[in-house]
Amino acid sequence: MIFFANPKSEYIYLKKKIDSKIKKVLESNSYILGKEVENFEKSFSKYIGIKFSAGVSSGTDAIILALQSINIKKGDEIITSSHTAYATIAAIVDVGAIPVFVDIKRDDFTIDVSKIEKKISNKTKAIIAVHIYGNPVDIKELIKIKKRYKIPLIEDCAQAHGAEYKKKKVGTFGDFSCFSFYPTKNLGTFGDAGIVSTNKNKIYKKLKLLREYGWVKKNISLQNGSNKRLDELHAGILNIKLAYLDQFNNKRILIAHKYLKFIKSKKIILPEISSFKKHVFHLFVVRVKNKKRNNFLNYLKKNNIYAGIHYPIPNHLQKPFLKYHNTKLPITEEISKEIVSIPNYPLLSNKQISKIIDVINKF
Ligand SMILES: *Cc1c(COP(=O)(O)O)cnc(C)c1O
């Protein structure tokens with residue numbers, strides 16, 4: 001049986017270190033926003049090459065806090081893609097803003113930057129660029145738009161820890177970047193956690209207020225804030241796993257390159273990759289043409305291979321977001337019926353990888 005994702009395999013691989021870290025944290029008598037969080041924030045900032053990071057409770061909360069820290073409010077418009085996790089849009093709607101959807105490119109699933117300008121209005125208060133599946137968006141063109149219109153840029157890096165655009169890590173191009181450490185992400189803990197990174201000290205200070213009741217000091221609030229804190233157990237686990245991120249990413253990339261090289265089935269369309277982007281393959285997503293997707297998924301299942309669909313319903317067609325359905329998104333809608341995420345995670349064995357390739361080639 002080959003699972004679609006397998007975070008437990010990462011625990012087994014690092015069991016000794018993780019078990020001893022958990023014991024250490026439990027015996028420390030400090031459980032929320034302590035040394036482990038502080039160390040992780042520093043190490044993570046260093047890893048991506050940015051000045052400040054604030055650990056928070058999830059990737060969704062990271063986006064909510066980023067939007068709150070630039071005072072996004074009711075009626076403001078946020079430009080983003082519909083082809084992303086529900087979480088990206090949930091965060092926009094949570095702060096009362098309106099998602100304005102832009103279509104994607106068929107070959108690599110990232111936002112079609114050439115279609116952004118048409119969607120900018122005087123209510124546009126931010127762009128959220130999603131490095132979907134671990135593949136960087138077209139950052140150079142996006143920065144030009146950001147500068148021309150002076151719109152804050154938020155990078156949703158929840159699937160792209162360690163990805164690079166022209167040798168520079170994603171998460172360092174925008175005003176903020178938001179990461180998730182959900183168990184199956186490229187860097188994941190065994191629960192919910194996230195981080196917001198920025199080069200701006202003022203914004204960083206604001207993020208720290210907003211994640212904990214607006215406190216400048218314990219019990220002294222400067223402004224209202226909620227509880228979106230990161231805890232010591234998850235930060236401790238992340239401190240261990242961060243050291244393995246490059247190794248795990250390299251394995252995902254290696255597997256992806258095997259798929260690209262050896263999957264020959266004419267019925268399967270492979271993703272395109274760009275020479276100046278380092279795609280970290282959080283997901284390896286192929287397209288199945290001619291309404292054959294269900295056949296393909298059932299065929300894989302019969303062979304004990306479990307695939308996923310990310311995402312079967314584009315956000316602009318999700319019930320709670322239908323009222324924001326301001327435009328047709330033909331490519332988003334077309335590919336949502338074709339995409340299949342085939343298993344790709346660091347601890348897939350060579351035998352499993354070969355089996356997946358063989359089975360697909362016989363489809
Ligand atoms: C996972 C994910 C999120 C949300 O992260 P959580 O930690 O699950 O809240 C946001 N955006 C994208 C693109 C994601 O994949």
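Both ligands and their constituent atoms are indexed starting at 1 by order of listing. None of the values given here were measured: they were computed from a predicted structure.
At the top of the distance list for atom 4 (C) of ligand 1, counting protein heavy atoms only, stands Ala87 CB, 3.4 Å. Scanning the protein for heavy atoms near atom 12 (C) of ligand 1, the closest one is Ala158 CB, 3.4 Å.
Within the listing of ligand 1, atoms 13 (C) sit less than 4.0 angstrom from a heavy atom of Thr84. Under a 4.0 Å criterion applied to the non-hydrogen atoms of Val130, ligand 1 contributes the atoms 13 (C). Less than 4.0 angstrom separates some heavy atom of Thr60 from each of these atoms of ligand 1: 4 (C), 5 (O), 6 (P), 9 (O).
Between Glu338 and Lys289 there is a salt bridge, since at least one side-chain N of the basic residue sits less than 4.0 Å from a carboxylate O of the acidic one. Taking the charged nitrogens against the carboxylate oxygens, Lys277 and Asp138 do have a contact shorter than 4.0 Å, which makes a salt bridge.
Proximity of the aromatic rings of Phe4 and His310 is defined here by a centroid distance below 6.0 angstrom, and this criterion is met.
Looking only at atom types and distance, the side chain of Asp246 has a donor-acceptor partner in the side chain of Tyr47 under 3.5 Å away. Side-chain atoms of Tyr345 and Glu10 form no donor-acceptor pair, as typed in the model, at a separation below 3.5 Å.
Residue Lys185 places a heavy atom under 4.0 Å from ligand 1.
Summarising the geometry, atom NZ belonging to Lys115 is positioned 15.5 Å from atom CZ belonging to Phe101; distances are rounded to the nearest 0.5 Å.
Neither the backbone nor the side chain of Asp61 has any atom closer than 4.0 Å to an atom of ligand 1 (non-hydrogen atoms only).
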